[in-house]
Novice: 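One structure is given below, represented as structure tokens, and several questions about it will come after.
Remember, predicted model here, so these are calculated numbers, not experimental data. Numbered from 1 within each chain, the chains take letters A, B, ... in sequence-line order.
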2 protein chains.
Amino acid sequence: MLPERLIFDHHSAKMKDNLIAHINKFVELDEAEIQQVCDSVNVVAVKKKQFILKADEIYRANYFITKGCLRLYFINRNGNEQITQFAIENWWITDYTSFETGKPSVYYLQAIEDSEVISISKKAYEELLLKVPKMERYFRILLQIVHTASMRRFEYFRDQTDEERYRHFVSLFPGFVQRIPQYMLASFLGFTPQFLSKIRGKKVKP
Amino acid sequence: MLPERLIFDHHSAKMKDNLIAHINKFVELDEAEIQQVCDSVNVVAVKKKQFILKADEIYRANYFITKGCLRLYFINRNGNEQITQFAIENWWITDYTSFETGKPSVYYLQAIEDSEVISISKKAYEELLLKVPKMERYFRILLQIVHTASMRRFEYFRDQTDEERYRHFVSLFPGFVQRIPQYMLASFLGFTPQFLSKIRGKKVKP
DNA sequence: GGGGAACTTTGTTCTATATCAAATCTATAA
DNA sequence: TTATAGATTTGATATAGAACAAAGTTCCCC
């Protein structure tokens, strides 16, 4: 029987393969570069409801999800959770404001399901970008994608009623909606869980 | 007296210096790289109210403002203008969705004041990124900044009332508010010009 | 597998902001 | 210089969704 450490290393290597596969969709890494990426990151398992970080803490890392689902939220002045982002497989997530400035965040980062996450520390990230310029390209491309996604999201918030935004979101991501409780979806879409329940109770016009 | 073309070239070179100065805040370009950047871009003058692009057109370039002010907006289903971004000196602006996909945009890009703009075509942008890897870094850093800005903006939309968001914006950018008509500020902040007028008419609580 | 907490549903009332309408005010172009 | 469209103000009315409240439901944890 293998010692615990080796089992973990084997598992860990498999997680890292997911990240490498994702990077290779955008840039072509050679063996040495793959090694440098793998040496820069760590694999972490988080249980459902476990927090990776909480408000008032500093986001010293960026997180890539290989399995599961996380949410990023803050508490508004009425004391309600406001989810600003979900992250599922093959997404990076962090509070970039805190990550960049080194100042405490207002955000909570919590697992919605048992999840596997790859983390890269701020320091390792900066060093990796200098050592492997292809990673500048990789993150530049990802950030362009993120930017277009948030522009799109903004459009929806400005051009649709809450009810329309709900129906639209469900039609776009029917599978994802199954994975999360309703109150989280309501929070993400910007209204109360009671209102979501009322929408669902309504018969859709034939 | 100099021929028209030379006068323009001289002016054009000065505009490009602004861009180079901006890039040099984030990465250090050598002479050859500066030349490559300058060869990749064009200088354009736009008069107040003139459109750089309109809805249904394709954003084939990214635009850097050296002087003046532009707005990016779309027409919502009620026929109202929804401004999603302003761009002033030293900001890049485009509809990245259209820029990346080559599909027609829903956005209008219009000068609010007489402005000077440097454009880089999609083709020149892609080539420049390959020829000058430092530009990957430059745009990666800029996109991180843009991303944090839109996260912040989202927070404000979720955590403040319209009136609070107005007062907050004015306190953050008093000079900018002077430069634009009220109805544009209302559109950017997500409410009607009538409502903005009513807010302004109110006495602030002492 | 039972009990309590976490969710969801349902009904009522309330409020911020939209919408509609019309009266000024203000720039710009002829 | 004035005519005219564009912009702002002001007031009356309407409405989407919040807040509050309380009854069901489901999910876990012991």
Novice: Would you indicate what A:Asn78 reaches in the nucleic acid, counting non-hydrogen atoms under 4.0 angstrom: base, sugar-phosphate, or nothing?
Specialist: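 Touches sugar-phosphate only.
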Novice: How many whole angstroms separate atom OH of A:Tyr183 from atom P of D:dT26?
Specialist: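 It works out to 17 Å between those atoms.
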Novice: Between B:Ser197 and D:dT8, does any side-chain N or O lie under 4.0 Å from OP1 or OP2?
Specialist: no
Novice: How many Å lie between CD on A:Gln160 and C1' on C:dA18, as a whole number?
Specialist: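 Atom CD in A:Gln160 sits about 18 Å away from atom C1' in C:dA18.
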Novice: In Å and rounded to the nearest 0.5 Å, what is the OH to OG1 distance from B:Tyr59 to B:Thr97?
Specialist: 11.0 Å
Novice: Take atom CG of B:Asp159 and atom P of D:dA18, then tell me their distance rounded to the nearest Å.
Specialist: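 Rounded to the whole Å, the gap is 15 Å.
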Novice: What is the separation between atom CD1 on B:Ile180 and atom P on D:dA7, rounded to the nearest whole Å?
Specialist: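 After rounding, the gap between these two atoms is 13 Å.
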Novice: Hey, can you tell me if A:His22 and A:Phe64 have their rings parallel, tilted or perpendicular (30° and 60° cut-offs)?
Specialist: tilted
Novice: Can you label the angle between the A:Tyr96 ring and the B:His147 ring as parallel, tilted or perpendicular, going by 30° and 60°?
Specialist: perpendicular
Novice: In whole angstroms, how far is the P atom of D:dT9 from the CD atom of B:Gln194?
Specialist: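 These atoms are roughly 11 Å apart.
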Novice: To the nearest Å, how far apart are B:Phe191 CZ and C:dT19 P?
Specialist: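 Checked: the CZ to P distance equals 14 Å.
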Novice: Tell me whether the side-chain N/O atoms of B:Thr192 come closer than 4.0 Å to OP1 or OP2 in C:dA18.
Specialist: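 Yes, because at least one side-chain N or O of B:Thr192 sits under 4.0 Å from OP1 or OP2 of C:dA18.
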Novice: Return the 5'-most residue of the pair A:Leu196, B:Lys49 with respect to DNA chain C, ranking by each residue's nearest nucleotide.
Specialist: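 Upstream on the strand: A:Leu196.
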Novice: Would you tell me whether B:Thr66 and B:Asn18 have side-chain atoms, one donor and one acceptor, within less than 3.5 Å of each other?
Specialist: no
Novice: With DNA chain C as reference, determine whether A:Pro181 or B:Glu163 sits nearer its 5' end, using the nearest nucleotide of each.
Specialist: A:Pro181
Novice: Rounded to the nearest Å, what distance is computed from the CD1 atom of residue A:Ile112 to the C1' atom of nucleotide C:dA6?
Specialist: 16 Å
Novice: Can you see which heavy atom on A:Met184 is nearest to which on A:Phe86, and at what distance?
Specialist: O-CZ, 3.8 Å
Novice: Below 4.0 angstrom from OP1 or OP2 of D:dT9, is there any side-chain N or O of B:Gln182?
Specialist: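 Yes, because at least one side-chain N or O of B:Gln182 sits under 4.0 Å from OP1 or OP2 of D:dT9.
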Novice: Rounded to the nearest angstrom, tell me the gap between atom NZ in A:Lys48 and atom P in D:dC29.
Specialist: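 Those two atoms, NZ and P, are 8 Å apart.
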Novice: Is there, by distance only and without an angle test, a donor paired with an acceptor across the side chain of A:Lys198 and the base of C:dT12 below 3.5 Å?
Specialist: yes
Novice: Counting only side-chain N and O atoms of B:Arg200, is one of them less than 4.0 Å from OP1 or OP2 of D:dT8?
Specialist: no
